[in-house]
Amino acid sequence: MRLETQLIHSPHANDLATGALSTPLVLASTFAQRDLEIKQEFDYSRSGNPTRKALEATIAQLENGKCGFAFSSGMAATSSVLGIFASGDHIVAAEDIYGGSYRILHSFFARWGLELTTVDASDGAAIKAAIKPNTKAIFLETPSNPLLKITDLAAAIAIAKERNLITIVDNTFMTPLLQRPIELGADIVVHSATKFLGGHSDVVLGLAVAATEELGRRIYAVQNGFGAVPSPFDCFLVLRGIKTLGVRLNAEQEGAGEIATWLTKHSKVAAVYYPALGDHPLRETHFKQSSGAGAVLSFKTHTTAIALDFLARTKLCAPAVSLGGVETIASYPVRMSHAAIPPKERERLGITDSLIRLSIGLENTDDLIADFEESLK
Ligand SMILES: Cc1ncc(COP(=O)(O)O)c(C=O)c1O
């Protein structure tokens, strides 16, 4: 079955007992244990919940992994996955990952003794050079946030495998519809399901998928012990969002492609970042590992004033944090998603005051272009 079909016909999302076409919402926090001699599947909802289980099994199947885990946010998923490591372990991370992942690695986990080296992950030699005897994992995000840089997943995973390292990939921007890192050899995939998987800007939730049972056991120990689990209702919303992911993301991606091309021709625009554009330096690498460029793009205007004016004048974009919803969102990374990165480091990475990130929604593309034209005047 193609992914679009799997999204709707997940064997885990329907209720076999009643035939209900949506997952029953089990809000119970605890489950009666009438016979203590029998080990029940569910005893307490931090440890496991039927609605959450349906979502976890669905994402594991879509990513082609062994076990799925749901968390109370994308950051809870990333942090809980990082929780499988020990103080004194070393992680190599891509330098332009999501600002929240950057912050948790540089602050919280650094305090707990997890060593970190950040590299330009599109450069295999830089990854190799960063590996130390105590390196345990490589943390990647491709396309990267917010400049849509591309990491060659197969090449990075090959380096990790040579040294027995765990590869973790944040697949939020692509979703399993467009990119499945586990099929390329990655060990763990994480998601902010708050974005495309949920799809309606009404839920905050994170997911992780492990490629092996052994990694799954390690992640489960943190999920159950640390306890950053989502509510069953939020799991229900994401399960519902997943059913329409195909039609949403395909349409949003089409709009993003048209808008990216339109922006490249605009006199107020200095640069456009989108993997499908002919001049993207790693376009070929991206399409080797993904079936589409997604619905997120970034652009730089010639001056900061133009960027700020655009955000103030646009009527159809929500100037907001986040992405992946049915409504177009314009983010200002230096003040929003990447505010946690020190200004000098941001400047070095190219995350400047004139950069705007767009997540294209389901509005009519001509309407969006007319609004952008007006906002850039
Ligand atoms: C790529 C990426 N990963 C992780 C996160 C964190 O997810 P959440 O906001 O659900 O905690 C985000 C949030 O913007 C993101 O864009």
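Just so you know, residue 1 is the first one in the sequence shown, and it goes up from there. In each ligand, atom 1 is the first atom listed, and ligand 1 is the first ligand listed.
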For this session: Identify whether the distance between the nearest side-chain nitrogen and carboxylate oxygen of E347 and K344 falls below 4.0 Å.
Result: no
Exercise. Side chains of E4 and N250: do they bring a donor and an acceptor to under 3.5 Å?
Worked result: yes
Problem set entry | Test item: side-chain donor near acceptor, S192 and K195, under 3.5 Å | yes
Problem set entry | Ligand-side contact atoms (ligand 1) for residue partner T172, heavy atom cut-off under 4.0 Å | 1 (C), 2 (C), 3 (N)
Exercise. Would the F109 and F85 ring centres measure less than 6.0 Å apart?
Worked result: no
Problem set entry | S192: numbered ligand 1 atoms lying under 4.0 Å from its heavy atoms | 4 (C), 5 (C), 6 (C), 7 (O), 8 (P), 10 (O), 12 (C)
Exercise. Quick one: nearest non-hydrogen protein atom to atom 16 (O) of ligand 1, plus distance?
Worked result: N145 ND2, 3.5 Å
Seminar exercise, completed: Closest to atom 8 (P) of ligand 1 among protein heavy atoms sits G74 N, 3.4 Å
Exercise. Does one side chain, of S10 or T58, offer a donor that lies under 3.5 Å from an acceptor on the other?
Worked result: yes
For this session: Check each atom of ligand 1 against the heavy atoms of S73 and keep those under 4.0 Å away; list them by number with element.
Result: 10 (O), 11 (O)
Problem set entry | Atoms of ligand 1 close to D170 [distance to a heavy atom under 4.0 angstrom, numbered from 1] | 1 (C), 2 (C), 3 (N), 4 (C)
Seminar exercise, completed: CZ of R46 to CZ of R52, rounded to nearest 0.5 Å, is 9.5 Å
Exercise. Can you tell me if Y274 uses its side chain to pair, donor with acceptor, with the backbone of A295 under 3.5 Å?
Worked result: no
Exercise. Near M75, which atoms of ligand 1 are under 4.0 Å from a heavy atom of that residue?
Worked result: 6 (C), 7 (O), 8 (P), 11 (O)
Exercise. Can the ring centres of F299 and F310 be said to be less than 6.0 Å apart?
Worked result: yes
For this session: Could you tell me whether ligand 1 has any atom less than 4.0 Å away from a heavy atom of K195?
Result: yes
Problem set entry | Identity and distance of the protein heavy atom lying nearest atom 10 (O) of ligand 1 | T194 OG1, 2.6 Å
Problem set entry | atom 6 (C) of ligand 1 [closest protein heavy-atom partner, distance rounded to 0.1 Å] | Y98 CE2, 3.5 Å
Exercise. So is L323 polar-close to ligand 1, meaning N/O to N/O under 3.5 Å?
Worked result: no
